[in-house]
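For reference, the structure discussed in these notes is given below.
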Amino acid sequence: MSEAVRREDREPRKRRDVSRTYATDRIEVVWEPRLCVHVGECFQRLPEVFDPWARPWVRPEATDPDTLAEVVMRCPSGALHFRRLDDGPQEAELIGEEVTLVALADGPMQVRGHVTLVGADGETIREDTRLVLCRCGASKTKPLCDGTHKVVGFTDPPR
């Protein structure tokens, strides 16, 4: 059995198809754990909703949908998304048409906008409004960042 399979058995949340949905009657939040690079925008900005130590760790009923949507949109990796179930604006409407790329200090390249990431084989890897791309070269989910830059001590510029 390969090391990758064993790791997946130990951490099923890292499988490509795993996601969790947390909802109220006005908004639902979807979390894809394998995309999370643990920047902490969610729990730092809205700790009453996002508590990594609680189960469930997302409590959308703890704030209003507009505030929740605003914080979800700050997730750099796209691990968090929302869908309004009321008359509020959807995420795709709020993101705008411009695509921006920002090299995050000592970390990945953040991509914002309506983007399609295509692999060398021509296959679509992901269509999203937010992505983080590996710059350190050590990610196990290349071209996406998996947070390994923190472990390998990646700095930009190298020191």
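As the structure is a computational prediction, the values presented were derived from the model and not from experiment. Computation of the quantities below employed the complete heavy-atom set of this structure, encompassing side-chain atoms and omitting hydrogens, waters and symmetry-equivalent molecules.
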> Is the shortest heavy-atom distance from the side chain of Leu101 to the side chain of Gln110 under 4.5 Å?
Replying inline: no

> Are Leu85 and Val58 connected, step by step, through hydrophobic side chains (Ile, Leu, Val, Met, Phe, Trp, Tyr) whose heavy atoms are closer than 4.5 Å?
Replying inline: no

> Short question: side chain of Thr148, backbone of Val151 - any donor-acceptor pair under 3.5 Å?
Replying inline: no

> Do Val111 and Arg130 come close enough that some side-chain heavy atom pair is under 4.5 Å?
Replying inline: no

> Which distance, rounded to the nearest 0.5 Å, do you find between the CZ of Arg34 and the OG of Ser77?
Replying inline: 10.0 Å

> When rounded to the nearest 0.5 angstrom, what distance separates SG in Cys145 from CG in Leu131?
Replying inline: 11.0 Å

>> Donor-acceptor check, side chain of Lys142 to backbone of Ser139, threshold 3.5 angstrom: yes or no?
In response: yes

>> Grouping I, L, V, M, F, W and Y whenever their side-chain heavy atoms are under 4.5 Å apart, do Leu117 and Val115 come out in a common cluster?
In response: yes

>> Determine whether a donor-acceptor pair (N or O, by modelled atom type, separation under 3.5 Å) exists between the side chain of Arg135 and the backbone of Gly107.
In response: yes

>> Going by salt bridge (charged side-chain N to carboxylate O under 4.0 Å, His left out), name the residues that satisfy it together with Asp86, two or more places apart in sequence or in a different chain.
In response: Arg26, Arg84

> Does the Lys150 side chain pair with the main chain of Asp106, one donor and one acceptor, at a distance under 3.5 Å?
Replying inline: no

>> With a 3.5 Å distance limit and no angle check, can you tell me whether Arg112 reaches the backbone of Pro76 through a side-chain donor-acceptor pair?
In response: no

> Among pairs that include at least one residue of residues 118-127, which meet side-chain hydrogen bond (donor to acceptor under 3.5 Å, both in side chains), considering only residues two or more places apart or in two chains?
Replying inline: Glu32-Arg126, Arg126-Asp128

> Looking only at heavy atoms, which two atoms of Ala138 and Val152 are closest? And how far apart?
Replying inline: CB-CG1, 3.9 Å

>> For Gly78 versus Leu35, what's the shortest heavy-atom pair and its separation?
In response: O-CD1, 3.9 Å

> Side-chain contact, heavy-atom cut-off 4.5 Å: Val29 with Thr21?
Replying inline: no

> Between Ile95 and Met73, is any pair of side-chain heavy atoms under 4.5 Å apart?
Replying inline: yes

>> Quick check: is Val30 connected to Leu68 through a chain of hydrophobic side chains (ILVMFWY, heavy atoms under 4.5 Å apart)?
In response: no

> Parallel, tilted or perpendicular: which fits the ring planes of Trp31 and Trp57, with parallel below 30° and perpendicular above 60°?
Replying inline: perpendicular

> Taking side chain as C-beta onward, heavy atoms only, is Cys134 less than 4.5 Å from Leu144?
Replying inline: no

>> Please tell me whether Leu46 and Ile27 are part of a single hydrophobic cluster in this structure, the criterion being side-chain heavy atoms less than 4.5 Å apart.
In response: yes

>> Do Val37 and Leu133 sit in one hydrophobic cluster, given that two such residues count as connected whenever their side-chain heavy atoms are within less than 4.5 Å of each other, even indirectly?
In response: no

> Would you say the side-chain atoms of Arg59 pair up with the backbone N or O of Phe50, donor to acceptor, closer than 3.5 Å?
Replying inline: no

>> Less than 3.5 Å apart, any donor N or O on the side chain of Thr129 or Glu91 sitting next to an acceptor on the other?
In response: yes

> How many angstroms lie between atom SG of Cys36 and atom CG of Asp146, to the nearest 0.5 angstrom?
Replying inline: 11.5 Å

> Looking at OG of Ser19 and CG of Leu80, how far apart are the two atoms once the value is rounded to the nearest 0.5 Å?
Replying inline: 11.5 Å

>> Would you compute the distance between atom CZ of Phe82 and atom CD of Glu28 and round it to the nearest 0.5 angstrom?
In response: 11.0 Å

>> Quick check on Glu98: does its CD atom have over 12 non-hydrogen neighbours (other residues, nucleotides or ligands) under 6.0 Å away?
In response: no

>> Looking at Arg45 and Gly40, would you say the former's side chain and the latter's main chain have a donor-acceptor pair under 3.5 Å?
In response: no

